[in-house]
Every structure is written in structure tokens, then in C-alpha cells.
Amino acid sequence: MPSPNLRLTIDTQALAANWRTLARASGPATCGAAVKADAYGLGAGEVVTALARAGCREFFVASWGEAAALGVLPDGARLAVLHGVQDGELAAALASNAVPVLSTAAQVARWRSAAPARPCDVMVDTGMNRLGLSVAEARSGLLDGLRIDTLHSHLACADEPAHPFNRQQLAAFRAVVAVIPATRAALANSAGVLLGADYAFGLTRPGLALYGGVPCAAAAGHIAPVVRLEARVVQVREIPAGASVGYGATWVAAQDSSIAVLNIGYGDGYPRALMASGRVSAGGVACPLAGRVSMDLLAVDVTAADVAEGDWLEVAFDLPTAAAAAGVSQYELLTGLGHRYQRVY
């Protein structure tokens with residue numbers, strides 16, 4: 001259940017602006033949106049609604065459970081399930097309007113036997129060695145007779161524009177696209193969109209950058225922050241100089257200090273690794289953390305601010321900066337925020 005003392009505000013205007021930025025960068029290609037993992041933890045239903053209002057009509061989830069959770073899509077929207085049709089999922093797939101992205105020979109056989117007239121997507125592995133048919137399988141005749149809407153692959157090193165593997169994968173994918181009948185092709189994620197027109201093909205699949213992540217240097221300054229964290233003050237303590245705060249007594253007050261204890265911690269996806277660099281804003285005053293982040297609580301030195309029990313304070317959460325300071329990927333930090341926040345759109 002969401003806590004009444006934790007708030008996650010999702011700026012849907014910024015979300016839409018980021019999609020428009022990526023759509024422009026996609027050129028003539030259609031720009032979609034990855035909304036898997038509950039739209040990276042921000043609420044897939046609300047995100048799809050906001051993006052559809054901005055003009056997005058192509059969405060991607062990981063599983064049939066995620067597809068079902070979205071319910072009725074906006075008019076004209078198309079949903080693809082990236083993990084295909086596993087054994088035991090055929091009934092759910094056939095009952096859904098979503099399209100499977102087939103990635104193994106067994107999935108191809110399963111779909112062909114059950115729904116030969118229904119369109120599907122196909123994933124081809126061009127070197128990432130994650131999901132997808134091998135290039136040899138794709139060119140073997142295995143796909144003959146399928147109604148393939150989109151032929152997909154996925155870049156392994158798009159966040160490193162100069163990496164030679166990007167061009168290798170592009171060449172491998174072009175060779176497959178040239179011989180497999182499909183309505184269109186898709187290769188680029190957020191960082192891939194910014195690699196240039198060669199990588200756009202007919203459809204792009206941005207994810208992280210929609211939600212305020214900066215996947216590569218080219219995105220810096222062009223992607224708006226989407227997420228704002230706030231937590232309520234549970235208690236304000238007055239402590240004398242020399243008193244310590246938190247586990248391990250690692251923080252010691254250099255002077256008589258006011259300490260605000262907030263209802264947020266690593267159980268809410270705010271990592272301990274941010275205790276040295278993390279900041280909280282109290283009425284526009286930046287306040288440093290005091291001691292280690294606990295599971296549900298965060299102590300902040302508010303000596304320079306006017307703070308009372310029950311106040312809401314903003315917890316600094318610039319996604320690329322916080323992820324770098326915490327030593328985790330932006331994806332991991334964002335999706336790890338959890339479900340105890342009230343989500344406000």
C-alpha cells in the first residue's frame with residue numbers, strides 16, 4: 001500500500017516533451033515507447049495515456065500479464081509483447097489484441113500452428129546474445145508464411161556511439177531486413193535513436209529517455225526530468241555538537257544541529273550509496289544527509305532551514321546524477337523506487 005508520507009510526482013508534460021524530442025530525432029520513422037516494468041515503475045496506464053495524448057501509438061511491454069494490466073488501449077494504439085509466447089501463454093496471447101515478438105523457433109512453431117493468419121513481430125539477434133532468432137535461423141525459411149509486421153533487433157552498445165559493435169550490428173540487421181518479408185523494421189532504443197538516421201529504420205523503441213534518463217552524451221540537455229521525490233518529516237530532533245546520527249555513528253554534528261527524519265529509505269529505492277552526495281530541499285535550502293540511509297528513514301541536517309514535523313521536503317533525484325553517485329544504472333535506480341509512494345500525475 002502507498003504510504004501517506006511518500007510522494008512520487010510524475011510530470012506528464014515532461015514525459016510527453018521527451019517523447020516528442022525522440023520522435024523528432026527518429027526522423028520519418030514511427031516513434032514508440034517501451035512501457036514494460038510498469039513504465040519503468042512510473043505507472044504504465046497513466047504513462048500510456050499521457051504518451052497517447054502526445055501522439056504515440058506504439059507501445060511495448062515484456063509479458064502478457066503486463067499487456068492484460070494495461071486493459072483497453074487508446075484508439076489506434078498497438079501493443080507488442082517483447083518476450084513472445086512461452087509454453088503455457090498461448091491462450092492469453094490469443095485472447096489479447098497485443099502482438100507477440102517471437103524470438104525462438106519453438107515460439108514461431110507455436111504461433112504458426114495456433115494463429116497462422118494473425119500478424120506477429122519477430123526478434124532477430126545480431127550479436128547481443130540475449131533474445132532473438134539467430135541470423136541463420138531467420139534466413140533458413142523458418143519464418144516463411146508468417147505475417148510479420150515488425151522485424152526487431154536490439155543494440156548492445158548504443159550508449160557508446162563510437163563503439164564498433166554498433167556498425168557491426170547495423171550491417172547484420174540490414175542483411176536480415178533485406179531478405180525477410182516484413183512491413184517494417186526496428187533496431188533503436190533511446191540511445192540508438194541518437195545514433196542517427198541509419199539506425200531508425202521504420203520504428204524506434206525508446207524507453208529510459210522518456211522517463212528522464214540520459215542514455216548517452218548526445219541526450220544531455222535535451223531530456224527533461226520527469227520524476228520528483230518528496231517525503232514527509234516524521235520527527236525533528238535538536239542535537240548538541242558532538243552527537244552522532246544513525247547506524248554506525250558515522251555522522252557527528254560539528255555544531256548544535258537540527259535533524260529532520262524523513263519517511264524514506266533504501267526500502268523505497270533510495271540507496272545507501274547516496275549518503276555522501278544526497279541532498280534534500282527544505283523551502284529552497286539545500287540540506288545534506290546526516291548519517292546512513294536506513295530502510296525506511298532518512299536523517300537530514302536542516303540546521304540552516306525552517307522545518308517542522310509533518311512538512312514535505314523534496315529529495316534530490318536527478319536520475320543520471322543520482323545513478324552515477326550510487327554506482328548503479330539509471331534503469332536500476334528508476335525501476336527500484338518501489339510501490340510505497342503515492343504517485344501523483
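Here the CD1 atom belonging to Ile239 is positioned 8.5 Å from the CG atom belonging to Asp256, to the nearest 0.5 angstrom. The CD atom of Gln342 sits 8.0 Å away from the CG atom of Leu6 when rounded to the nearest 0.5 Å. Residue Arg237 holds its CZ atom at 9.5 Å from CD1 of Ile259, rounded to the nearest 0.5 Å. The CG atom of Asp38 lies 8.0 Å from the CD atom of Glu46; values are rounded to the nearest 0.5 Å. Interatomic distance, OG of Ser96 versus CD of Glu89, reported as 11.0 Å (0.5 Å rounding). Between Leu229 atom CG and Leu337 atom CG the span is 6.0 Å, to the nearest 0.5 Å.
A distance-only check finds no donor-acceptor pair linking the side chain of Thr204 to the backbone of Ala200 [under 3.5 Å]. Using modelled atom types, one side-chain atom of Ser153 and one backbone atom of Val124 make a donor-acceptor pair closer than 3.5 Å. The closest donor-acceptor contact from the side chain of Glu160 to the backbone of Cys157 lies at 3.5 Å or more, if one exists at all. Between the side chain of Ser257 and the main chain of Ala253, no donor-acceptor pair closer than 3.5 Å is present. Put simply, the side chain of Arg279 never gets that close to the backbone of Ala286: no donor and acceptor are under 3.5 Å apart. A donor-acceptor distance shorter than 3.5 angstrom exists from the side chain of Arg118 to the backbone of Leu94, with no hydrogens or angles considered. Listed for the Ser329 side chain is a donor-acceptor partner under 3.5 Å among the backbone atoms of Glu332. Between the side chain of Gln330 and the backbone N or O of Ala323 there is no donor-acceptor pair closer than 3.5 Å. Of the possible donor and acceptor atoms, none in the side chain of Trp64 sits under 3.5 Å from a partner among the backbone N and O of Ala98. One N or O on the side chain of Arg205 and one on the backbone of Ala186 form a donor-acceptor pair closer than 3.5 Å.
Ser258 and Thr303 form no side-chain donor-acceptor contact under 3.5 Å, judged by distance and modelled atom types alone. When only modelled atom types and interatomic distance are considered, Glu58 and Thr30 share no side-chain donor-acceptor pair under 3.5 Å. Using modelled atom types and a 3.5 Å distance limit, the side chains of Gln169 and Thr126 yield a donor-acceptor pair. Side chains of Ser3 and Arg340: a donor-acceptor N/O pair is absent below 3.5 angstrom, by distance only.
The side-chain heavy atoms of Leu170 and Leu195, taken from C-beta on, include no pair separated by under 4.5 Å. Phe201 places a side-chain heavy atom less than 4.5 Å from the side chain of Arg174. Side-chain contact between Arg232 and Ile264: absent, with no pair of heavy atoms (C-beta onward) separated by less than 4.5 Å. By the 4.5 Å heavy-atom criterion applied to side chains, Tyr341 and Asp268 are counted as neighbours. Contact annotation: the side chain of Val101 approaches that of His152 to within less than 4.5 Å [non-hydrogen atoms, C-beta and beyond]. Side-chain contact check for Leu298 versus Val261: every heavy-atom pair is 4.5 Å or farther apart. When side chains are defined from C-beta on, Leu187 does not count as touching His154, because their heavy atoms never get closer than 4.5 Å. With contacts defined as side-chain heavy-atom distances shorter than 4.5 Å, the pair Leu42/Leu334 qualifies.
Closest non-hydrogen pair, Arg112 versus Leu146, comes out as NH2-CG, 3.9 Å. For the residue pair Ala114 and Leu90, the shortest heavy atom distance occurs at CB-CD2, 3.5 Å. The shortest non-hydrogen separation linking Ala54 to Ala16 is CB-CB, 3.7 Å. The shortest heavy-atom contact between Leu194 and Cys216 is CD1-SG, 3.7 Å. The shortest non-hydrogen separation linking Val108 to Leu133 is CG2-CD1, 4.4 Å. Across Ala218 and His222, no two heavy atoms sit closer than the pair O-CD2, 3.2 Å.
Counting only residues at least two apart or in different chains, ring-ring contact (aromatic ring centres under 6.0 Å, His included) contacts with residues 230-284 are absent. Residue pairs satisfying the ring-ring contact (aromatic ring centres under 6.0 Å, His included) criterion with at least one member in residues 274-316, sequence neighbours excluded, are absent.
Ring-plane geometry between Tyr331 and Tyr40 is classed as tilted, the angle between the planes lying from 30 to 60 degrees on a 0 to 90 degree scale.
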Evaluate the criterion side-chain contact (heavy atoms from CB on, under 4.5 Å) for residue pair Tyr199 and Leu155; output intermediate values, then yes/no.
CA-CA 10 Å; Tyr199 293 83; Leu155 293 164; 3.9 Å; yes
Apply side-chain contact (heavy atoms from CB on, under 4.5 Å) to residues Leu15 and Leu210 and explain how you reach the verdict.
CA-CA 6 Å; Leu15 177 75; Leu210 295 171; 4.3 Å; yes
Would Asp125 and Leu131 satisfy side-chain contact (heavy atoms from CB on, under 4.5 Å), going step by step from the backbone distance to the final call?
CA-CA 6 Å; Asp125 179 69; Leu131 287 180; over 6 Å; no
Could you check Val122 against Thr150 for side-chain contact (heavy atoms from CB on, under 4.5 Å), going step by step and ending with a plain yes or no?
CA-CA 7 Å; Val122 171; Thr150 309; over 6 Å; no
Derivation of the salt bridge (Lys or Arg N to Asp or Glu O under 4.0 Å) call for Arg57 and Asp75
CA-CA 8 Å; Arg57 290 295 181 271; Asp75 287 347; over 6 Å; no
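Using a cut-off of 4.0 Å between Lys/Arg side-chain N and Asp/Glu carboxylate O, Arg184 and Asp149 are scored as salt-bridged. At a threshold of 4.0 Å, the pair Arg78-Asp121 counts as salt-bridged, since one of the basic side-chain nitrogens sits closer than that to a carboxylate oxygen. For the pair Glu66 and Lys36, the salt-bridge criterion is not met [side-chain N within less than 4.0 Å of a carboxylate O].
Val328 and Phe317 fall within the same hydrophobic cluster, where Ile, Leu, Val, Met, Phe, Trp and Tyr residues are linked whenever their side-chain heavy atoms come under 4.5 Å apart, directly or through other members. Follow the hydrophobic side-chain contacts under 4.5 Å out from Leu151 and you reach Val135 in the same cluster. With hydrophobic clusters built from ILVMFWY side chains whose heavy atoms lie under 4.5 angstrom apart, Val227 shares a cluster with Leu274. No continuous path of hydrophobic side-chain contacts links Val234 to Met295 [ILVMFWY only; heavy atoms under 4.5 Å]. Two different hydrophobic clusters hold Val245 and Val302 under the rule that ILVMFWY side chains link at heavy-atom gaps under 4.5 Å.
Just one residue in the list Val226, Val214, Leu208 forms a side chain to side chain contact (heavy atoms under 4.5 Å, CB included) with Leu319, and that residue is Leu208.
Residue Gln13 places its CD atom among 12 or fewer non-hydrogen atoms of other residues, nucleotides or ligands, all under 6.0 Å distant.
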